[in-house]
Protein chains: 2
Amino acid sequence: MNTPKRTTIYDVAAEAGVAASTVSRTFSNPRRVNAATREHVLRVAERLGYRPNPLATALQSGHKATIAMLVPDITNPHFFGTIRGAERRASEAGVTFILGNTEESAANERNQIERLDHSVDGFVLAASRMSDETTVGIAQSHNLALVNRQVDSLPSVVVDSGPGSWQIVEHLASLGHRSIVYLSGPHQSWLAGERWKALRAAAGRRGVAVSRLGPFPPKVGGGGAAADAALVSGATALVAHNDLLAIGVLRRLAERGVPVPGRVSVVGYDDIFGADLCVPALTTLAGPEDEAGRVAVELLLRKGSLSADHPAPQRVVLPTHLVIRDSTGPVPAS
Amino acid sequence: MNTPKRTTIYDVAAEAGVAASTVSRTFSNPRRVNAATREHVLRVAERLGYRPNPLATALQSGHKATIAMLVPDITNPHFFGTIRGAERRASEAGVTFILGNTEESAANERNQIERLDHSVDGFVLAASRMSDETTVGIAQSHNLALVNRQVDSLPSVVVDSGPGSWQIVEHLASLGHRSIVYLSGPHQSWLAGERWKALRAAAGRRGVAVSRLGPFPPKVGGGGAAADAALVSGATALVAHNDLLAIGVLRRLAERGVPVPGRVSVVGYDDIFGADLCVPALTTLAGPEDEAGRVAVELLLRKGSLSADHPAPQRVVLPTHLVIRDSTGPVPAS
DNA sequence: GTGAGGATGGCAAGCGATTGCCAAAAGTTG
DNA sequence: CAACTTTTGGCAATCGCTTGCCATCCTCAC
């Protein structure tokens with residue numbers, strides 16, 4: 001509010017009897033100044049309570065020490081792991097962390113990027129809703145790291161749905177299920193597409209029938225319609241696009257008196273907080289979401305210091321594992 | 001990465017045939033420039049894809065259009081609601097939102113404030129761990145809005161534990177409980193203290209015995225020790241410092257074969273996601289956490305434009321309500 | 001026709017750092 | 001001791017925008 005005139009390099013310089021440039025170098029390029037002088041300047045700076053002004057630094061040098069993470073829906077617990085991991089890594093690196101919500105809209109996503117453009121060194125885009133072309137276009141002039149999305153050779157980290165989906169199918173098949181229904185999430189979601197593709201492929205190889213219903217809103221509330229639709233399909237195993245939806249399905253099934261896993265088995269994706277609290281506890285594909293956040297930031301930071309000898313941007317794939325709880329069981333005898 | 005030379009007011013000025021100051025005013029103080037000129041400048045700016053650089057603006061004018069929110073533990077679902085609300089409100093106001101984790105440490109909190117000092121217009125401090133004195137000190141030179149903490153007359157918003165705790169006691173008493181145990185959270189937590197005080201007062205007025213155990217870590221993992229300790233106390237009703245702890249307690253109780261609410265009743269605070277998923281579903285004191293986040297940001301923004309005619313900084317208290325689910329029931333006959 | 005006053009645009013001085021360039025000082029070498 | 005290289009510190013320009021102050025130019029009233 002009241003600005004008590006923060007101390008600047010000039011104040012320090014005057015007090016220490018050196019030029020401002022020397023003070024600046026003391027902080028930004030210490031080896032450029034004599035050890036004795038440096039010590040002295042540091043001492044004076046300390047005494048005066050000097051703090052470099054990141055804005056001024058950024059304006060001149062372009063180095064902002066700030067990154068932004070954009071998520072489609074900050075409400076969705078699924079993202080909290082990723083947010084957490086990203087914030088942690090950023091904080092460790094002394095980089096300030098901006099969080100933005102894109103409300104599931106590609107346009108909104110673009111806008112935020114525009115807005116923040118000048119203020120950050122790069123963006124972590126979680127489950128981006130933008131098209132491949134748009135993304136590539138933006139990557140031309142911005143540092144990007146994608147989470148749960150792959151576009152060309154842009155740096156990305158995904159929690160692997162391929163093997164995971166295979167595990168799900170394997171698990172269900174080994175319980176005797178011959179027919180699976182996939183309750184899909186939003187169609188603009190790349191991840192939703194990947195999960196479906198992987199699931200279908202796995203089912204094909206295992207000789208299990210699989211069909212897709214939806215899209216359903218990936219929230220608990222979406223579970224009602226999803227469960228009802230699944231029930232008429234006659235499938236004995238339901239795989240939901242994510243845990244939220246799965247929990248909603250479980251709830252609806254309970255309402256309708258359909259025993260789980262007695263009559264149908266239910267599987268989710270993500271292993272969010274709460275997946276082991278519901279009844280029956282949810283069998284779900286767990287992935288290292290925190291890790292995904294960390295790695296994404298890592299990629300961004302690394303890219304910043306990219307030079308000729310550095311390897312090209314990377315695609316990281318993180319392993320998943322199936323957490324088997326109580327919502328899956330042997331196929332009913334009938 | 002590669003900087004494609006962003007367009008500046010000078011580019012726009014040159015192209016439009018006016019001075020840079022005119023371009024600047026067109027954006028920052030439109031009424032200061034002739035309507036026709038303004039239109040023209042806007043058109044040119046649009047065509048050139050000009051975006052004001054917030055850093056330069058902030059450096060000169062001091063107006064950063066950015067706020068930071070600091071939470072003690074980004075891992076705790078309790079804060080999700082508040083974070084969400086705050087981000088939303090900030091976004092609505094066109095203010096960028098920085099999120100920081102303080103790892104439950106007052107020192108860390110101070111550091112972050114120092115670091116971000118130059119970059120933001122103000123801070124939302126959620127469940128701050130800093131002492132009253134420190135907080136007041138910082139408030140001298142920084143814009144603060146407190147969530148779930150009250151210090152002097154600093155702007156704050158709290159989810160009211162007083163009436164809430166009263167409701168809890170009332171509910172339990174009406175079920176016949178005569179003896180309550182409070183399973184407390186971290187002692188540095190202001191909120192923990194408030195809850196205990198309110199609970200004790202309410203119990204006193206209602207003639208119910210109440211005692212405090214703990215502190216326990218306010219996480220699911222803390223529930224084990226808490227449940228065990230509570231059991232030996234012989235109380236029939238347990239009130240946990242928050243839902244995480246309550247859920248942990250529920251879990252431990254189940255392990256030990258203690259029927260809930262058959263033998264003991266359990267109540268939590270916060271109504272986090274998952275509170276209605278566990279078995280038995282948790283009776284808990286729900287508060288408008290999102291709202292708290294919104295209001296905190298609101299207070300901050302309002303304070304920014306504080307002038308003589310404005311009212312003094314405010315203390316907002318948000319109402320709670322008790323959500324009665326399945327973890328509370330009549331006191332056992334024995 | 002003249003002067004007052006408001007509207008409008010431009011000039012230039014910052015905001016607080018970074019950094020290329022230069023010169024003085026110090027260190028090396030034969 | 002001369003000639004040269006390396007260190008070290010200072011000068012001043014610059015990043016992109018804001019804003020106080022001044023000069024015009026219009027309007028309007030008398």
Side-chain angles (χ1 to χ4, degrees), chain A residues 3-42 44-45 48-66 96 114-121, chain B residues 2-42 44-45 48-66 114-121:
Chain A
T3 317
K5 254 333 177 214
R6 325 248 182 243
T7 61
T8 74
I9 48 169
Y10 295 102
D11 302 325
V12 177
E15 180 73 13
V18 299
S21 47
T22 302
V23 177
S24 171
R25 290 197 184 97
T26 302
F27 288 94
S28 59
N29 189 4
R31 358 177 325 145
R32 183 69 174 63
V33 24
N34 185 287
T37 331
R38 189 197 316 147
E39 280 310 310
H40 176 225
V41 170
L42 285 176
V44 174
L48 265 46
Y50 166 73
R51 304 276 156 209
N53 182 336
L55 296 169
T57 304
L59 183 56
Q60 165 62 27
S61 71
H63 181 227
K64 336 226 171 45
T66 302
T96 96
E114 288 276 82
R115 263 182 41 75
L116 293 173
D117 181 15
H118 291 282
S119 316
V120 306
D121 297 313
Chain B
N2 42 355
T3 318
K5 250 349 179 201
R6 326 248 181 243
T7 61
T8 72
I9 49 169
Y10 293 102
D11 302 326
V12 177
E15 180 73 13
V18 299
S21 48
T22 303
V23 178
S24 172
R25 290 197 185 97
T26 301
F27 290 93
S28 59
N29 189 5
R31 357 175 328 142
R32 184 65 175 65
V33 21
N34 183 288
T37 331
R38 189 197 315 147
E39 280 309 310
H40 176 223
V41 169
L42 284 175
V44 173
L48 266 44
Y50 166 73
R51 306 274 156 209
N53 182 335
L55 296 168
T57 303
L59 183 56
Q60 166 62 28
S61 72
H63 181 226
K64 335 227 172 43
T66 302
E114 288 276 81
R115 264 182 40 73
L116 294 173
D117 180 16
H118 291 282
S119 317
V120 305
D121 297 313

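Small disclaimer: the values here were computed from a predicted structure and weren't measured. Within every chain, numbering begins at 1; the chains are lettered A, B, ... in the order of the sequence lines, protein sequences first and strands thereafter.
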One should read off an interatomic distance between Thr96(A) OG1 and Asp121(A) CG, to the nearest 0.5 angstrom, of 9.0 Å
Which residues share a side chain to side chain donor-acceptor pair (under 3.5 Å) with Glu39(A), sequence neighbours left out
none
In Å, rounded to the nearest 0.5 Å, how long is the span from OH of Tyr50(A) to CG of Leu42(A)?
11.0 Å
For Thr8(A), side chain to side chain contact (heavy atoms under 4.5 Å, CB included) partners two or more places apart
Tyr10(A), Asp11(A)
For the student: nearest non-hydrogen atoms of Arg6(B) and Asp117(A), plus distance:
NH2-OD1, 3.5 Å
From NZ of Lys64(B) across to P of dC17(D) the rounded distance in Å is 18 Å
Within less than 4.0 Å of OP1 or OP2 of dT7(D), is there a side-chain N or O belonging to Asn34(A)?
no
Tabulate below the donor-acceptor pairs under 3.5 Å that side-chain atoms of residues 12-35 of chain B make, not counting sequence neighbours, or state none.
residue	atom	partner	partner atom	Å
Glu15(B)	OE2	Arg47(B)	NH1	3.3
Thr26(B)	OG1	Thr22(B)	O	2.7
Ser28(B)	OG	Ser24(B)	O	3.0
Asn34(B)	OD1	Ala36(B)	N	2.8

Starting at atom CG of Asn29(A), determine the distance to atom P of dG9(D), rounded to an integer number of angstrom.
12 Å
Generate the contact string for nucleotides 17-24 of chain C. Rules: B means base contact, S means sugar-phosphate contact only, - means no protein heavy atom under 4.0 Å.
BBBBB---
In whole angstroms, how far is the P atom of dT8(D) from the CD atom of Glu39(A)?
14 Å
For the helix from dG1(C)-dC30(D) to dG30(C)-dC1(D), measure the angle between the helix axis at one end and the axis at the other, each built from five pairs, rounding to 10°.
30°
Please figure out whether Thr37(B) or Leu59(B) has its closest DNA chain C nucleotide nearer the 5' end.
Thr37(B)
What is the distance from CZ of Arg38(A) to C1' of dG9(D), rounded to the nearest Å?
14 Å
Working note: Glu114(B) + Arg51(A), criterion side chain to side chain contact (heavy atoms under 4.5 Å, CB included); need CA distance, chi angles, decisive distance, verdict.
CA-CA 8 Å; Glu114(B) 288 276 81; Arg51(A) 304 276 156 209; 3.1 Å; yes
By side chain to side chain contact (heavy atoms under 4.5 Å, CB included), which residues pair with Asn53(A), not counting sequence neighbours?
Leu55(A), Ala56(A), Leu59(B), His118(B)
